[in-house]
2 protein chains.
Amino acid sequence: MQLDHVFGALSDATRRAIVMRLCDGEASVGELAKPFEMALPSLMKHIRILESSGLVASEKTGRVRMCSLRTEALATVEVWLAAQREIWEQRLDRLEMYVEKLKKEKKSNARKRKSK
Amino acid sequence: MQLDHVFGALSDATRRAIVMRLCDGEASVGELAKPFEMALPSLMKHIRILESSGLVASEKTGRVRMCSLRTEALATVEVWLAAQREIWEQRLDRLEMYVEKLKKEKKSNARKRKSK
DNA sequence: TGATTGGTTAGCCATAAAGCTAACTATAGT
DNA sequence: ACTATAGTTAGCTTTATGGCTAACCAATCA
């Protein structure tokens, strides 16, 4: 399961809505389709995309296919984002130090200028 | 800034690489382009997409455009994911309770069967 | 001022995405 | 057996995406 596909899957409002719906418990394709003004085949495509991204699993029993969330994929994305933010925050810390340094230099410049 | 666009922006490996590079500090368009075997205009498109998603900001001074990260967007996505996961975990808790219930029922059925 | 550098615009192409309808399969209910 | 239900397949359209080249500004630098 790749980041590309998970992010791609979540970049569509319909699919995010499906994910949100599935957070609330399993659902059949038909149940998932109800809230949307969309032909079934179109919705099925979304479900397939969600499946191939690893976000959703489904199993057919009889004539109904039940879909459920696989949260490992969600977790993967969270991990990636958190990692980026961490690096960023470290960088902000360094920036802060740099700004402090600049302030000090400014002060010393001011002193120099005064004393000139 | 909408979730659609942020997820969409992050669904491309090139753009994620740019974001990762920018975690490490500001960079000009040229600097960003170097690691990629890609014509400049193509890379510029990615930068624009990142900008319109709110993930990146840029400012042109002289003839060079500096790009930087705007982490609010990253945070937005993290919040969304965390919210989904929370709902999901609550659901798992409920599921666990349900499974416990099933177990008990099974036991009582077993007892019934034995006593039959 | 003339050449170089750094970015931008315009326009093209191939492929993928998101939707549709119509026709089909397979299970369940009567 | 017949009909209704639940998905599925196939095939079409429109629009978006990701890439390219070529030509074009606009700042520096020599």
Side-chain angles (χ1 to χ4, degrees), chain A residues 1-22 25-70 73 77, chain B residues 1-22 25-70 73 77:
Chain A
M1 183 244 353
Q2 284 138 288
L3 232 32
D4 274 51
H5 294 132
V6 184
F7 277 121
L10 292 175
S11 71
D12 182 278
T14 301
R15 289 193 291 264
R16 281 203 306 285
I18 293 176
V19 166
M20 288 162 76
R21 169 59 246 278
L22 288 180
E26 297 198 332
S28 68
V29 171
E31 281 172 320
L32 288 175
K34 265 178 205 159
F36 301 100
E37 292 180 359
M38 195 182 287
L40 245 201
S42 312
L43 199 112
M44 275 299 297
K45 269 195 196 172
H46 286 300
I47 292 177
R48 291 233 190 76
I49 290 171
L50 285 167
E51 274 198 85
S52 74
S53 80
L55 278 165
V56 163
S58 78
E59 205 183 351
K60 195 164 180 178
T61 40
R63 66 184 167 179
V64 23
R65 174 177 298 282
M66 290 303 272
C67 303
S68 60
L69 259 199
R70 312 232 80 254
V77 178
Chain B
M1 181 245 352
Q2 285 136 285
L3 232 32
D4 273 49
H5 294 132
V6 184
F7 276 121
L10 292 174
S11 72
D12 181 278
T14 301
R15 290 194 290 265
R16 280 201 308 283
I18 293 176
V19 166
M20 287 162 78
R21 169 58 247 279
L22 289 180
E26 297 198 333
S28 68
V29 171
E31 282 173 319
L32 288 177
K34 263 178 207 161
F36 300 99
E37 293 181 359
M38 196 183 284
L40 245 200
S42 311
L43 198 110
M44 276 298 296
K45 268 195 196 172
H46 286 300
I47 293 178
R48 293 237 187 74
I49 289 171
L50 285 167
E51 274 198 83
S52 75
S53 80
L55 278 164
V56 163
S58 78
E59 204 182 353
K60 196 165 181 178
T61 40
R63 67 183 166 180
V64 25
R65 173 178 298 281
M66 290 302 273
C67 304
S68 59
L69 259 198
R70 313 231 81 255
V77 179

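Reminder, nothing fancy here: chain letters follow the sequence lines and each chain counts from 1.
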- request: Tell me, please, which residues at least two apart from A/S28 pass side-chain hydrogen bond (donor to acceptor under 3.5 Å, both in side chains).
  value: A/E31

- line: Sorted by chain and residue number, the salt bridge (Lys or Arg N to Asp or Glu O under 4.0 Å) partners of B/R63 (sequence neighbours excluded) come out as none

query: Once you round it to whole Å, what is the distance between P of D/dG18 and CZ of A/F7?
result: 14 Å

field: Non-hydrogen atoms of A/L10 and B/F7 that approach each other most closely
entry: O-CD1, 3.3 Å

Under-4.0 Å side-chain N/O to phosphate OP1/OP2 contact, A/R48 with D/dT9: yes

message: Students should find this one: the first and last nucleotides of DNA chain C, 5' to 3', lying under 4.0 Å from a heavy atom of chain A. What are they?
response: C/dA18 to C/dA28

- request: With sequence neighbours left out, write down each residue that passes side-chain contact (heavy atoms from CB on, under 4.5 Å) with B/A13, or none if nothing qualifies.
  value: A/D4, B/R16

- request: For B/R48, enumerate each residue passing the side-chain contact (heavy atoms from CB on, under 4.5 Å) test, keeping only those at least two apart in sequence or located in another chain.
  value: B/M44

message: Base contacts versus sugar-phosphate-only contacts with protein, heavy atoms under 4.0 Å: please encode nucleotides 19-30 of chain D as B, S and - from 5' to 3'.
response: BBBB----BS--

task: Report the residues that fulfil side-chain contact (heavy atoms from CB on, under 4.5 Å) with B/M20, sequence neighbours left out, ordered by chain and then residue number.
output: A/W80, A/Q84

- prompt: Among all residues two or more places apart in sequence or in another chain, which pass the side-chain hydrogen bond (donor to acceptor under 3.5 Å, both in side chains) test with B/S58?
  reply: B/E51, B/R65

side-chain hydrogen bond (donor to acceptor under 3.5 Å, both in side chains) partners of B/R15, counting only residues at least two apart: B/H46

